[in-house]
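Quick note: numbers below take in every heavy atom, side chains included, and nothing from hydrogens, waters or symmetry partners. One-based numbering, in listed order, for ligands and for the atoms of each. By convention here, the first residue in the shown sequence is residue 1.
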Amino acid sequence: MADRKNRNGEFWELALERAHLGVWDWDLASGDCFYSAMWLQMLGYGEGELVETSDLWLQLTHPDDRERAVASGERHIAGQTDSIETELRLKHKSGHWVWVLDRGGVVERDAGGRPVRLMGVQTDITKQKQAEHELEQVNVRFRLALAASGTGIWHHDLAARKSYWDERTREIFGLVADTDEVSSDLWHSYLHPDDRDYAERAHKVPLQTQKVVAVQYRIIKRDGEVRHIESLIRFIADAQSSGQILGTVRDITEAKQREQELAHAADHDALTGLLNRAAFDRLLAQHIATARPLAVFYVDLDYFKALNDFAGHAAGDLALKSVAEGILGCLPPSVHAARLGGDEFALLVPDCDAAQAERIAGAVLAAIRDADLGSTATSRKLAASIGIAFIADANTAVADALACADDACYAAKAAGRNRFAVFSPETTSGSGGLNAARLAADTVDAMEDGRLKLFGQEIHQLGKPWDENRHVEVLARLVGRNGRLIPPDEFIPAAERFGIASRLDRWIIRTALSLHGPALKSGALTLGFNLSAQTLSDPQLWDFVDAVIDETGAPHSGIGFEITETAAVTNFTAAEQFVRKARERRCRVSLDDFGAGMSSFEYLRRFPVDAIKIDGSFIEHIAESRFDREIVSAISGIAKSLGCSVVAEKIEEQDALDILRDMGVAFGQGFLLHRPEPLQAIVARASAQAALPVGRQA
Ligand code: C2E
Ligand code: CA
Ligand code: CA
């Protein structure tokens, strides 16, 4: 083992140099100060480059550090401290600052114990200082970020069972306290009872893992205010203790409210606050799936479009709001109401039977009648048509459930509005199904908006020009909303099924007579009107016809009516009366579609009609079918024996025309003779011909 005493100056120099330690040696008595080569080198100087005075270091010290550095030395010299230990910045030769840690102390004293020599070592700690500075910057930024996000920090020391809340955390909980330490059960006392279990469970984070748990819960502040909190929690291991739980808290009440508002907006109609279509569909799907009987109501406002046009959108909006309020106000709490769009509403009535549905429908109709339309539209009242569908099958599709209710709603509209109708599969299957009700409703609208048109087809005396008697059958045409011409075979059965056929016939009669009364009066032509079975049994029909004739000046003798064989048979008494009244007025009556019903010829004797029209189905193949020829021949024979004329329908071929003429059928109608065209054009032609001198008529 080497002797300590043998270590010479060279040894120490080497050691200091390797350790990068600079040495200074200060003789207090002489004031001389020695700075080692390493000391100088730390600052970029070579030996002899600086004048080594005792205050050389002080001259090189950063002005901000001087006072502190000097004080540290003085305290030590005065015997107040065991050593000098100070951090300071010294100026490097190239101008920048070098951080050093200076440690030293008295190494020699005089006989009186006064210090005469001081020595110290100096280490370059620039790198360490830089790291500290960077860490500090990170810390500052972190704190700023926390402050900006309004995040509070708390921790719970597991071993000490103590909790610490920072100022922000205390602020969030509304806790007035000056210190961080809080009792460990304080947090629990804030929890909303509904969220307590969940929040407490979430806070038992798995120990010894890095996992971060996120949890949202509500607290009740001491003043009773409920706030939503979000916490991130994790376990922090600690070598000295059993570790701690570290967490953040953030008040997310506003965000939650916005979230709830958005959710509400996504599900509700902005104008009325009722559920919107998407939400209603979802709700309906859920209810249907439970397989409990429910009713779907489809509510369509009547006259709303007119109100909107007449009184403006503001009035329309007001009316919709008022309707929504009225509907909500009259419903039991279990019923869900939605606005499907425009002026259409829907209700979902859980566990609904027929009696309850009827009560609710009545209440809704009343509420809509009472809706506030504002000052601009005082005289008019709103009404609604309601369709109700009962659903009990869990497999029903939402769209089908609504379509059924919608369909029933059309039926209610067709039946005259301001009423409700219940969907039943029987009334909507058969002719046209779902579309029939729609079509009937559309026909009603068409009468108002000019989409119902009058056409006509000439009836010819066979072998003679039309000009000699100028009789025309009036035919109705419906222009669909898409512009397509809908044939009467489609919309008339629908109109009959939904009880508007009578209205339709009256509309045709009134319109034709109003437009062409003068032509009829002048004898330019005669018109034949088709009547449905409903019209036939309408006791007020003749009052109506008489009134229209009075108004328009058209003579009774200028008009005739076509009643179908089937209608006549099924409404026998009504038909008899009708025919009697017609004869009193000298109106012509024809029995239409004769043969199609194949009823007994006996009926013919009971109806003293002017003409029978042989159904087109016997005429169209008459050239090829002997059977048809025999039937037509028989019918025409009986008709003649009864003194009524015979009209053959649907004459399309010259062959058929020739055969009919040979059989002695006097009148005919068909595409060969004339294709239906707008009545207006026919009347114009007839009027022009009637005006010509008799000899010039073509
Ligand atoms: P309908 O009374 O038998 O009228 C004759 C129908 O035969 C008309 O059909 C006419 O266009 C069509 N037709 C005439 N000649 C020919 C032909 O040569 N070939 C073919 N294939 N068809 C021909 P439209 O106009 O479609 O009327 C169908 C039915 O609708 C009418 O049968 C009538 O029952 C009913 N209808 C028409 N207008 C009215 C109305 O205003 N009120 C009522 N209640 N029913 C009407
Ligand atoms: Ca007819
Ligand atoms: Ca016919």
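Around the Ca ion (ligand 2), the two atoms OE2 of Glu473 and OE1 of Glu562 are separated by an angle of 90°, to 10 degrees. Centred on the Ca ion (ligand 2), the angle running from Asp592 (OD2) to Asn530 (OD1) is recorded as 90°, rounding to 10°.
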Under the ring pair (Phe, Tyr, Trp, His ring centres under 6.0 Å) criterion, do Phe561 and Trp542 qualify, and how do the steps go? CA-CA 12 Å; Phe561 295 98; Trp542 280 108; 5.5 Å; yes
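Here Asn530 has heavy atoms under 4.0 Å from ligand 1 in both its backbone and its side chain. Contact annotation for Leu672 and ligand 1: no heavy atom of the residue comes within less than 4.0 Å of the ligand. If you look at Asp505 next to ligand 1, the close heavy atoms, those under 4.0 Å, all belong to the side chain. Only side-chain heavy atoms of Ile508 come within less than 4.0 Å of ligand 1; its backbone N, CA, C and O stay farther off. Of the heavy atoms in Lys613, none comes closer than 4.0 Å to ligand 1.
Shown in contact with Asp593 at under 4.0 Å from a heavy atom are these atoms of ligand 1, numbered in order with element: 3 (O). Below 4.0 Å from some heavy atom of Glu652 lie the following atoms of ligand 1, by number and element: 17 (C), 18 (O), 19 (N), 20 (C), 21 (N). If you number the atoms of ligand 1 from 1 as listed, the ones under 4.0 Å from a heavy atom of Pro676 come out as 11 (O).
Stacking of Arg277 on the aromatic ring of Phe280 is not recorded, the 6.0 Å distance cut-off and the 45° axial limit not both being met.
Nearest protein heavy-atom contact of atom 30 (O) of ligand 1 is Pro488 CB, 3.4 Å. For atom 38 (N) of ligand 1, the closest non-hydrogen atom of the protein is Ala476 N, 3.1 Å.
Ligand 1 lies nowhere less than 4.0 angstrom from a heavy atom belonging to Pro487. Note on ligand 1: Arg675 sits outside its first shell, no heavy atom being nearer than 4.0 Å.
Rounding to the nearest 0.5 Å gives a distance of 12.0 Å between CD of Glu473 and NE2 of His674.
Residue Phe671 has at least one N or O atom closer than 3.5 Å to an N or O atom of ligand 1. Considering backbone and side-chain atoms together, Glu473 places an N or O closer than 3.5 Å to an N or O of ligand 1.
When you scan the N, O or S atoms of Asp593 for the one nearest the Ca ion (ligand 3), you land on OD1. The Ca ion (ligand 3) sits nearest to atom OE2 when only the N, O or S atoms of Glu649 are considered.
Salt bridge annotation for Arg585-Asp546: present, with a cationic side-chain nitrogen under 4.0 angstrom from a carboxylate oxygen.
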